[in-house]
Each structure stands twice: as structure tokens, then as C-alpha cells.
Participant: 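Please find one structure pasted underneath; my questions will follow.
No hydrogens, no waters, no symmetry mates; every other heavy atom, side chains included, goes into these values. We count ligands from 1, going down the list as the structure has it; atoms in each ligand are counted the same way.
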Amino acid sequence: MNHMTKDIEQYLQTKFGNSLEDSNERQLYQALMAETRNRLSKKRYDYTKKLKESGQKQAYYMSMEFLVGRTLRNNLFNLGIEDEVRSFLAEKNFDLDRIYDMEPDPGLGNGGLGRLASCYLDALTSNDYPVTGFSILYEFGIFKQVIANGWQQEYPDNWLGMGQYGLVHRSDEEIEIKFYGKTEEHWTNEGLKVNYEDYKSIIAEPYDLMISGYKSEAVNVLRLWKSKANAGFDMKLFERGEYARSSESEAIAESISKLLYPADDNNEGKALRIKQQYFFTSASLQQIVKNHYKTYGSLDNLADKAAIHINDTHPSMCIPEMMRILMDDYNYSWEKAWEITIKVFAYTNHTIMAEALEKWSVDLFAPILPRIYTIIREINNRFCQYCNEIGAASDLESMSIIHNNMIRMANLCIVGSYNVNGVSGLHTDILKADTFEAFNRIYPGKFNNVTNGIAHRRWLGQANPELTNYLNGLLGGDFIKDLSNIEELLKYADDKTVLADLEKIKYTKKEQLAKYIKDANGINVDINSIFDVQVKRLHEYKRQLLNALHIVYLYRQIKFNGLRPRPRTFIFAAKASSGYVMAKNIIKFICTLSDMIEADPLVRNYIKVVFLEDYRVTLAEIIIPGANVSEQISQAGKEASGTGNMKLMLNGALTIGTLDGANVEIHDAVGDDNMFLFGLKTPEVNDLYAKGYRPRDYYERVPEIKETLDFMRTINVDGTRFDNLVDYLINQDPYMCLADFESYVNKQKEVEEAYGDKDRWNRMSLVNIAKSGIFSADRATQEYTDGIWHIARAGR
Ligand SMILES: *Cc1c(COP(=O)(O)O)cnc(C)c1O
């Protein structure tokens, strides 16, 4: 520890010519970021030496998104030096929390998928597994959301300004990536050769973010590729007088790592997205293969040493790119290259929604990646041939990789990898029985499930130190290393003192959240009210609108029908994809409810609505520990897993939810008595669609729905009306808010009753915390390491 303080003082002296006393917070922030990074680099040196000696197999996690969250607190916590650094700074009158607040979230992801990737890197590192993450160094991560008059506005998130100090620039490992141009095949003595000409050349520059583990030996890295022009290549073109072409490459290079697409559901800027996907998968694979070849002088044993994971279809070009490298750069035959490829890759599917399954038009794709396209075509030809041979030709309508001139990336992943997993029991069942039913028949055993998990050291240990310290005292600290030990807490389910202590801790976290709300939105909330939380991306299938309809219902009942409910604070936070008009209208509607209630001297005594702007990991860490109720109300069959549900449960919130995604497994763990299930189940949803869903029938038949929607038409705070939302619900309602309305409202009454019985509520909350062990990312990643990748802990 002496070391760290000395290192910080040294940094301030050499960088700024300052003593610690003369430094400002900005300088101290930089010193802490840089010295923490250096400390991890040094630790990594020993760790990689050990890995080289053991020569063991490693995993590589490819993901277009990593929602990292702040790193400084995580790293100090993991290194076990947070308390010392805090008190050392306090002696000099610096507040560590203010320094933490200077760090931007590296927002290299949109939502759950990106956060999952980061939770997995954290967990794998804490358990000493050798894994490297690969993604793009987006100059602008997920946009910063500002709410102005209830409307979402997007501002660029220039995170590198203050975020750069955590990165290690590895200019020694740059890689060339080629786009456009044309290929020519010709036969030589050594077989078929492919010439690739007139391409545009881009350079991928690596930047490494150190990933620390909790009291672990491992320090892994997240390698982020930044694009830049290939100066040497461009100079040659320039000298040949091809000015236009040399500046074209530069323009492509500039755009590729510029920004993350602010959509987690569908694709915009398709051509650029194709380039981004190829850019980072090609750079990553070239690096993996090069290192392997350097060590072993052969690629024959690649699959013995490397498991490469494809997180959703965004990195699916890994498969043809591996074929290209093996054949074009290392002279492998097609057959031998394919044998290696399908032993290396495993794929996780994250969605069953048709509009979110990636497809690229051949006309768009082929000119950008001519060689990759010919390889995909050949993979498909051979796959179709195989299906013909085994009598599965009639299923090619759904299984063919290229269909109606579109390339279906999920199909490519299924054909080109040895394992496909879904992310919750229900989701995997739907994949097998429905979405990929034909594939499941021809590839028995290829599909399996790994229910998602969360990094409990961040979501409990760091976000809720009060609860962590308490459980530490009560249970001993074992649950921090292994969350399944938290089940010991069940012993205290009827212990009045423990229940009262837990209630006190929740109260403290609610106070902290209330202070944040007051500072951010100027709204005073009642700490004793039920804190009812729905935080996640704004998407129609997640049904923030159903939650809002319940609020409208309550408003009307309080104002006109004498209802006097137990006070409740409805807390929302959500970003909407920038082009998603309906989602933005829903945000405006929720903000309007907030204003309308604040202006009503009667209603505001009972309910409040708060919409917190700019949902991100750091905000989640503030909101989740203060929640009493966790809203997980997606239409059944639509949420692949959810991980927000797990974070809230771990912090003692009770779930009101549909039987969807991992809610099913939460229900299995805690039982009916400890959660609030409502609504249609997946088969009932499907039946209702098949029968022809008519939301108007519900509007006409259920008086509460009619009254609520009719009243909604009159809502108007600043001239904005919501007839469009009402009409949409009555005429379309694609996610069946009206069909589930009654069941939801009734279940909410049960929530309120249960909260009124303090002992019962606290006991339920305790059971939820105690049963959350299975949702640790340690458990989930163990299923990947043992069941899919077959890798061991470092040095074993
Ligand atoms: C956990 C998390 C999510 C995922 O939330 P769901 O409720 O599972 O959709 C999204 N964004 C952030 C910032 C998160 O921390």
C-alpha cells in the first residue's frame, strides 16, 4: 500500500510538478486512473508469464458491446486497497467519492447484452480464467440522454476525454484490414489461390482496458480496436496519382470506430455496421491466429488452445474470416479449414424477435466484403448439399444461410459453430421448439442453455456496501467469493432483529436515492413510500406503457373515486433508440404523468412519478439498491432473459412480473409466496395471436380499461396530447398491454397489501436475497468454461 501512495505522489510530481497538497482533483483523478492501470499491468505481466508456461487453452469473447461501467472503484475494490486509498486521501482533505464521480462510464454498449459481456469478463477474471474480450474503441459510446420538456434528446458522449487514462495503447500490435476491391481465383501448383486486389486498407490499432478480478491472480484485458488510415498504403496511392482513392480509405477509417449504434434491437447505417463488424472480428482473429502460429508453428491444434465466443450475431463474420485466414494466409484446404473452424466457435443467441435477427442484403454486403461473401456462399452451398443428402431439403426454407438474396447471420452462426446457447430456460426452449426447430433436429445436442448471471461483486459489493458489510458480519464473507453461500441467510428468515436490520439498510439506500432524485429532478419523495422501479432500455415489448397505464388508473381512482392507496413512488429510467418514435412518445407520456401529479395537491400525497435521465451502469448502481419493487413486466415470450431482474432481487426488491425470461427461474427459486406473477403465459400469448388479438374488445368489455384510456385522452400539461398512444393501444397493442391490464392491476393491489405487512414484506425480501445465488455470473461463466469452452483456471 505504501507503494500506491508513493506511486501517486510520484506521478503528480513527474507529470505536473506538483506535490499532493498542491494538486487539484482533476490531477489526482488522472494520477489514480493511471497508477491503478499501471499496477494492473504489472500484475498482468506475472499472470501472462504463468499462462505461457502452462500453455493452456484460452477463451476469446467477441462482442460489439461491453457496458463496462466505471472502472476506478471496481479496480480499487478488487485490489483490496479502496479503504486505504480513501483514508490516505482524506488525510489530505480529498474525497474519494468526488474523484470517482469524475470518471465517465465507458458506454461501449446499449443495454443488457453489453452489460452481460462485462459481467462475464469480471466474473471470469475473479475466478482466474484466461479470457480476452474484443470489441471496438468507439470514440462516442452510447449517447448521453437529456430530458427537455419530457422529450429525449441525444448528446454525443465523448467518454475518451476523461476515460483515456485507463487504456494502454499497444501500437506494437497494429493489424491491417481490407475492404472493397475484387477477388480473382486461379489454380496453381499448390491448389486454388485467391488474389485480392484494388482493396482499401485500414489499420486497426489496439487499446487495452485492464480487467481486474476480486482477490485473483488474473488480470485479463478487454482489447478495443480503433480504426485509422493506413498512411503507408495511402501514400503509395497518392504517389501513383490516385488521390481520390487514397482519401476514400481515410474517410472509411475515420468513420468505423466513430460511434456505437444507439439501437439494441435493429440496425441502422447498415453498410457502416457491416464494416464495424468485419473490422473488429478480422483484427481480433488475425491477432489470435498470429500469436498461436508464433507459439506452435502450426494451426492444426488451434481448437485445442482457443475457444472463440460469438456474443449474438454481430461478430458472426468470425466464421468466414477464420476460413479466409486459414485458406488464403496459411494455405489450408477448404475441408481442413472447415474442420478447424467448427471446433473453435461457440455462439450465444440473445433474441427471438424476428426483426432483431440480423440479415444483410447480398447487394449491400458483397461489394464491401467480396472475399468474405464468396466464402459465405460456399459455406451455404455445402450446407444445402448436406441437407439434401440427409433428407432435410424441405427445411432449407428456414435453414439456408442465404435466402431471398439476404444473408441470415444467425443461420451462419448455427452452421459454423459447435455449440449454440440461449440465455434462460424459457428462451432456449423457444429456440429449440420454434425459432430454430429444424436446426435442432439436424444438430441434436448442439443447442443448450446457460441462464444469464450478474457480477455480484459490483451489483452488491460495490453498489450496496451497507448490505454487504451487514451480511459479512452475519454470515462471514464467503458469499463474496461464492454467492451460493448467501443462502445461509435463510436461517434468519424469522429473526425479527435481522429483518429489522435489513429494513434499516433498505431505508438508508432509499434515502440516498431520494437525495439523488431531489438533486436531479427537484422532486421530494417520501422515503416511506413504496419505491417501485422499472429501469431498462425503453422498448415496447418491455411494456413501460403498461406500468404507465396502471399509474393513470391510480390517478383517476384517487382523484375521482376516493381511493387512498399506500404511498408509492414510481421510478423510471430508460434510453430510447434515437430513431424509435413510439419509445420517445412513451418517455414523454411518463414525464407528463410526473408533472401532472406534482401539480396536483391531492394525488401527489399518494403517488409520484420520477423519470431519471441518462440510464447507465452508474445510475443503475444508485437506483437498484433503493428499490422495493422490481417491475419485470415484458410480454411473455419476448424477454430472452433479463439481468436487471437479478440485480434487483439481489438487493432485496420483490419482483412483479410475467413468466418470461429468467423471471421463470426467479419464480422457481423463491416460489409463489415471494414474488408477484401476473399475466398471460407464452402459449396463451401465442394462442391469442393465432386467434386474432382484438384489443378493442378489452376496451369495450372492461370498464376500468375504458375509463383509464378515455381519461388518458384528456391528459394535457403543456399542449401535448396522447390520443396517438390511446388509438395505438385500442387498435393495435402489439404487446398486449390491454390483455394483461386487469391481471396487472389486481396483482399491484396484492403488492400494496403485502407491503403493508412489514414483517411479511421483510421476510419476502430476505428470501429473495438468500435465493439469488444462482444468478451470480460466477455460476453462469462456470457453465461456459466447463460445458462449452473447456478451459481451466490459470496454472491448472
Ligand atoms: C442490467 C442493465 C441492463 C439490462 O436490464 P434489463 O432489465 O435486463 O433489460 C441495461 N442497462 C444497464 C445500464 C444495466 O445495468
Participant: Less than 4.0 Å between a side-chain N and a carboxylate O, is that true for D740 and K747?
Facilitator: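 Between D740 and K747 there is no salt bridge, as every charged N stays at least 4.0 Å from the carboxylate O atoms.
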Participant: Using salt bridge (Lys or Arg N to Asp or Glu O under 4.0 Å) as the criterion, point out the one residue from R458, R70, K509, K647 that pairs with E621.
Facilitator: R458
Participant: Please step through salt bridge (charged side-chain N to carboxylate O under 4.0 Å, His left out) for the pair K515 and E511, ending with a clear verdict.
Facilitator: CA-CA 6 Å; K515 180 173 182 310; E511 274 180 327; over 6 Å; no
Participant: Note every protein N or O atom lying under 3.5 Å from an N or O atom of ligand 1, pairing the names and giving the distance.
Facilitator:
unit_1   : atom_1 : unit_2 : atom_2 : d
ligand 1 : 7 (O)  : K536   : NZ     : 2.7
ligand 1 : 8 (O)  : T643   : N      : 2.8
ligand 1 : 8 (O)  : G644   : N      : 3.0
ligand 1 : 9 (O)  : K542   : NZ     : 2.7
ligand 1 : 15 (O) : K647   : NZ     : 2.6

Participant: Could you check K144, K584, K575 and say which one makes a salt bridge (Lys or Arg N to Asp or Glu O under 4.0 Å) with E154?
Facilitator: K584
Participant: Is there a donor in the side chain of T508 and an acceptor in the side chain of E466, or the other way round, less than 3.5 Å apart?
Facilitator: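 Checked: T508/E466 side chains show no N/O donor-acceptor pair below 3.5 Å.
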Participant: With side chains defined as the heavy atoms from C-beta onward, is the minimum distance between Y138 and M64 less than 4.5 Å?
Facilitator: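 Of all side-chain heavy-atom pairs linking M64 with Y138, at least one is under 4.5 Å.
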